[in-house]
Amino acid sequence: MAASRSTAKSTETSAATSAIPPTSPRALVLGGNRIPFARAGGKYAHASNQDMLTAALDGLVARYGLQGERIGEVAAGAVLKHSRDFNLTREVVLGSALSPETPAYDLQQACATGLETVVSLSNKIRLGQIESAVAGGVDTTSDAPIAVSEGLRRALLDLSRAKTVGQKLAAAAKIRPKDLAPATPRTSEPRTGLSMGEHQALTTAQWGITREAQDEVAFASHQRLAAAWDAGFFDDLVTPYRGQSVDGNLRADTSLEKLAKLKPTFGLTLDTPPTMTAGNSTPLTDGASTVLLGNDAWADEHGLTPLAVVVDAEAGAVDFVHGVDGLLMAPAFAVPRLLARNGLTLADFDYVEIHEAFAATVLTTLAAWESEEFGKERLGLAGAFGTVDRNRLNVHGSSLAAGHPFAATGGRIVATISKELHARKAAEGRPVRALVSVCAAGGLGLTAILEAA
Amino acid sequence: MGDTYLNLVNSGVTAKIAKQLGLPQPAPLRRYRPGAPLLGGPALVVGTGADADGVAALLSRTWDVEVHRHATPELRYAAVVLVLTQVSHPDELSAPVLAAAGVLRSLSRGGRVVTLSREATADDAPAVAAARQGVDGLLRSLAKELRGGSTGNGIVMAGDVAADAPSVVGALRFFLSTRSAFVDGQLLTVSSGAGTLPETWERPLEGRVAVVTGAARGIGESIADTLARDGATVVAVDMPSAGEQLTRVANRVRGTALQLDVTADDAGTRILEHALARHGRLDIVVHNAGITRDKLLANMSPDKWDSVLAVNIAAQLRINEALLTSGDFTDAPRIVSLASTSGIAGNRGQTNYAASKGGVIGMVRATAPLLEAFGGTANAVAPGFIETEMTARIPAVTRQVARRLNSLQQGGQPVDVAEAVAFLASPAAGGVVGRVLRVCGQNMVGQ
Amino acid sequence: MTDGRPTAGTYRTVELPAVPGLGGLYARGAAASGRLAVTRRFGASDDVVGALPEVAYVVRDVRTDAARLTAYQHLLGEAATDALPAGFVHVLAFPVATALMTRSDFPLPLLGMVHLANTVTQHRAIRLGEPLDVRAWAQDLRPHRAGTQVDLVTEVSAADEVVWRGTSTYLAKGTSATGTASTSTDDEREAFVAPVPTGQWRLPADTGRRYAAVSGDRNPIHLSALSAKALGFPRAIAHGMYTASRALADVGAARGEAFVWTADFSKPVLLPSTPNVRIGHDADGFAYTVWRPGAQAPHLTGTVTPA
């Protein structure tokens, strides 16, 4: 403070700075980049998580001119990880065009990984700990880690600990021929032994969701994603990789008739007729996504247009182990809490993004919110929580069409809907909001509110 | 792209055989490296009068070149500058030309001959016009006689443009330097005294923001590299499907990638918005994106004709219109478009391509006046045979012949085109308006 | 449990120096079973069973080690803490009860006996390293529509306080008990309606061998298809206590430290198998059911309720 200032002025100034707490910075979505998602065993069959995430990050750096930039922090993760990827995100940063002085950390919350990186980095930005960040996620089911069998693993560990020849021989003698078969990672829930699809099949049957309703969700997803690609919506959200320039799972020419012909794949052992098919369930997918975050000052310095504000987030979890709720129903609980905290209702949202793990996941979530009984008994409300206008739901398609490389899905959704929010606000000049909901293994769910910046 | 023949005739036994057989003897061309001296030896400045004195002073004092005003026999000169601005009768060509002739045999490899002359117009006295136009024929023929990677180019000053005009100085430096390695037998007209000399010749584009379309690979990639090397901030534009390569280029040049179909209606607006938002300004647009869909006209499909015209010329017109009407492209802006020798001389099977490239030449000529008020220019660069992925697909024999059909007896490199683009995009080139600069090694066809 | 029948209190106590090995017991049991068969074949009252020995076996200062505990916990899906899972206490203590069944005066043949039901009451968590006293006896010999059943009771005490009590009900097929009413005590079974599953168990063919390795219970019916066939089963069957203990593990931490854990074994699980499982808040605490999809009866059902 200048010494020559009058006493009165100084007092006024210091009073102003000390009495009013500094407003915490906004956490802004400034952009995103992903590689097109590819079907497992497709064009990325030989690309590792590190390769794909580096490609997505380098594309982000190129789009926003961040070469050599020291970003506040980069957080990303993968659901299926090799042990060599213990420091995946940092390794990706070191191999990217960002400054090697950019810190990074890995994060994992099953399919919510991508969204959780956005949420936790946003929180750091709001706390003033960092000014900029890159959130991200990647997964490959083509280059998934293969573990040795439990028997071989234990024998090898014993062998490595053995000191004498005798101990080594004894350890080696424990290895049986059948131990040599590799153990591939299972996607079933460790505590129930059921695959995610089988779990959803139970929930689907419980809520009486029809095959037709699921196929309609899948059809809409493909139609909308194809329309977005055709309109060039993804021109500044996606960078091609390994010759894949659009999402490999997208079937622009699919129809309800084609979807209706597919044989059910989940829920075959239930008493109710099976309704879930490969067409209304997400396929195994490879891909990576990134989201650029920052506060206003950083965005301004870098000439970046804020797309959306990360307003708030709420995680949820359900007790599916004891059959209390369906495995993927956590968002049905998290969203009402999130909205209550923010004084909002479903009607206040111009966009609702519900990750399409399965078409039925979206439909059971909507059904729960529309149910008087669920609202009263499970949510403790006076009645049903509310209804989502289908025209506001997954407006540019979602995982059924784009595919679902587990940890990469959150980044895809956040970048896509942030761009849409910004465009809508620019067109209409009013506040525009989006609700994002991602279900995850382990009965988890993560939800967030974004608002056009 | 490699030229095996060029390598063979320049090494060991095969070089001797080639010489005995009288085969073309293309010389490896020296290319520009930042930090290297302008010339590798002394320069001879031929001519009398204020212009010649001024050029000699520029070379020796400002550019640190050893300058001789009179030829020292047997001395190996790196460059000969023939200042012929004062000739008023063809008779007056004799003394300076023959003085220069004496040193041509000992011109060093990669030597430079540059003529400075005035434009011949219908308003001139016939003898004056004859002398001035004579320089054209002289230079073009001389360039064809030079060997060892040496080139001859001329600067033609229009009207009352002074010999120390920024664009004359800029063009002289360009022609003398290794930046013009594949430019040969060309006469570049300087129309005005517009333009500004750079603070440093190493980074003439410092502080300028440039958009390069088709920047993911080939010539566009090289243009992005070259503009960035010269100090520009580069917005690399290419089709969304070329995004992976575009990312590599943008990150290498520390610019930004903009995935965009240039034929989109709003391409110009999006380019401008991107440049203004990210970099605060837009100064240079290089229209490099182009496609070929070769077919004899008799067999031409509407799709092949229309797509080539849409990408190669219609998109440029639309983008230019958006830029010119925006009010944000006004600080000595530069438009540099890629034409082609096909658009000048024609090429069998390329009616669509040649129409689009001829169109480019017409477009820059008519666009330049619209930019003059802001100190801006529009020019074209017409590459001849350039070693790229595109020309690598030409059948082998045709390719070998095409390469040799120029005075340098070889194909050019993408960087040769990029250097010419960078020169025309530079502040010094403000007096070069609506012109076409050929980068073709003095191809035998066309002008 | 006070049901008026003879209990440990009235039984003669025989103190064993250590928990007997189950391997030896099965060998002895096989011999005793053979002897019983011979006795019956030549005896006057064919198929009529004598009285239970009024003896309680006691083993003091039973301890276990962390390696064995951890192996058990990993196999069953329990957290590897130093709290002994209730099923592990069963594994630790039950050989004492088995020893009773191999006595020459035990009226039923050990081999081929079917584990019908099991109830465990755990009063508090038992920690690794606590010295435990085990007391086991047999009681309630009674008829079953398919033979004779008996309860083997095992009590585990720490510092003279009963912390764990298990009752295992066994059936010897084709025999009838003396001194009890001949009317069947079996209730009519209700038709089984499969509930909504909450999970699925993948039980590979070596499930029995792996549980045998951590439990020490190497009953041949669990070990291989061949050894099971010798005893009349088409394939190896999962240990009943393995399935019940997995259900207990699936209930998880929500069971608390004091609980009653029951199991009714209806149909053996032939290995390999991928049965459906429901673990739900369906009783006071939790109820569980394990069944093969489409089956008319469950493999087992049970509850885990607060003690």
Side-chain angles (χ1 to χ4, degrees), chain A residues 30-36 38 43-44 47 51-52 54-69 95-99 228-247 288 290 292 299-307 419 422-423 426, chain B residues 207 209-213 215-217 220-221 224-225 227-229 232-282 289 315 328:
Chain A
L30 302 175
N33 184 57
R34 65 180 175 93
I35 56 174
K43 291 218 167 88
Y44 307 161
D51 295 336
M52 291 192 290
T54 305
L57 182 58
D58 268 343
L60 186 83
V61 170
R63 181 162 302 138
Y64 300 102
L66 304 174
Q67 302 86 7
E69 188 87 23
S96 78
L98 285 179
S99 162
W229 273 108
D230 284 349
F233 186 82
F234 293 112
D235 283 359
D236 58 357
L237 290 173
V238 180
T239 302
Y241 180 58
R242 297 277 162 99
Q244 185 89 46
S245 51
V246 294
D247 295 315
T290 55
L292 180 62
D300 202 42
E301 275 165 30
H302 291 77
L304 297 173
T305 310
L307 302 177
K419 176 177 174 176
H422 177 71
Chain B
V209 175
V211 165
V212 180
T213 68
R217 56 170 73 88
E221 177 178 8
D225 283 337
L227 298 186
R229 181 203 67 196
T233 300
V234 173
V235 176
V237 175
D238 214 312
M239 291 291 286
S241 58
E244 188 176 3
Q245 293 81 5
L246 193 67
T247 289
R248 197 167 38 77
V249 173
N251 284 344
R252 189 173 64 226
V253 305
R254 298 171 80 97
T256 53
L258 176 60
Q259 296 182 165
L260 176 81
D261 180 350
V262 291
T263 64
D265 286 341
D266 62 348
T269 319
R270 281 165 66 190
I271 286 171
L272 189 64
E273 279 174 1
H274 177 102
L276 294 181
R278 300 293 167 68
H279 309 295
R281 53 189 297 136
L282 178 59
D328 288 311

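Values reported hereafter were calculated over all heavy atoms of this structure, with side chains retained and with hydrogens, waters and symmetry mates removed. Chain naming here is simple, since letters A, B, ... match the order of the sequence lines and numbering starts at 1 in each.
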Comparing A:Val238, A:Leu60, A:Thr305 against chain B, the one with the most heavy-atom pairs below 4.5 Å turns out to be A:Val238

With chain A, which of B:Thr256, B:Asn251, B:Thr247 has the greatest number of heavy-atom pairs at distances under 4.5 Å? B:Asn251

Give, as side chain, backbone, both or neither, the part of A:Val246 having an atom under 4.5 angstrom from any heavy atom of chain B. neither

Taking side chain as everything from C-beta outward and backbone as N, CA, C, O, which of these in A:Ser245 sits under 4.5 Å from a heavy atom of chain B? Side chain, backbone, both or neither. side chain

Best-contacting candidate, B:Arg252, B:Met239, B:Gln245, B:Gln259, against chain A by heavy atom pairs under 4.5 angstrom: B:Gln259

Residue part contacting chain B, namely of A:Ala97, when any heavy atom lies under 4.5 Å: side chain

Cut-off 4.5 Å, heavy atoms of chain A, and the answer for B:His274 is side chain

Do A:Asp247 and A:Trp229 have side chains that get closer than 4.5 Å, going by heavy atoms? yes

Of the listed residues (B:Ala250, B:Gly255, B:Ala242, B:Ala264), which shares the most heavy-atom pairs with chain A below a 4.5 Å separation? B:Gly255

Got a salt bridge between A:Arg63 and A:Asp236, using NZ or NE/NH1/NH2 to carboxylate O under 4.0 Å? no

Of all of A:Asn33, A:Val61, A:Leu304, A:Ile35, which one pairs up most often with chain B through heavy atoms under 4.5 Å apart? A:Val61

Measure across A:Ala228 and A:Phe234 and return the closest heavy-atom pair with its distance rounded to 0.1 Å. CB-CE1, 3.5 Å

Is the shortest side-chain N to carboxylate O distance from A:Asp235 to A:Lys419 below 4.0 Å? no

I'd like to know if the side chain of A:Gln67 and the backbone of B:Val253 have a donor-acceptor N/O pair within less than 3.5 Å. no

Has the side chain of B:Asp238 got a donor or acceptor atom that lies under 3.5 Å from a matching backbone atom of B:Leu246? no

Compare all side-chain heavy atoms of B:Pro240 with those of B:Leu260 and state whether any distance is below 4.5 angstrom. no

Which atoms of B:Arg270 approach chain A - backbone, side chain, both or neither, heavy atom under 4.5 Å: side chain

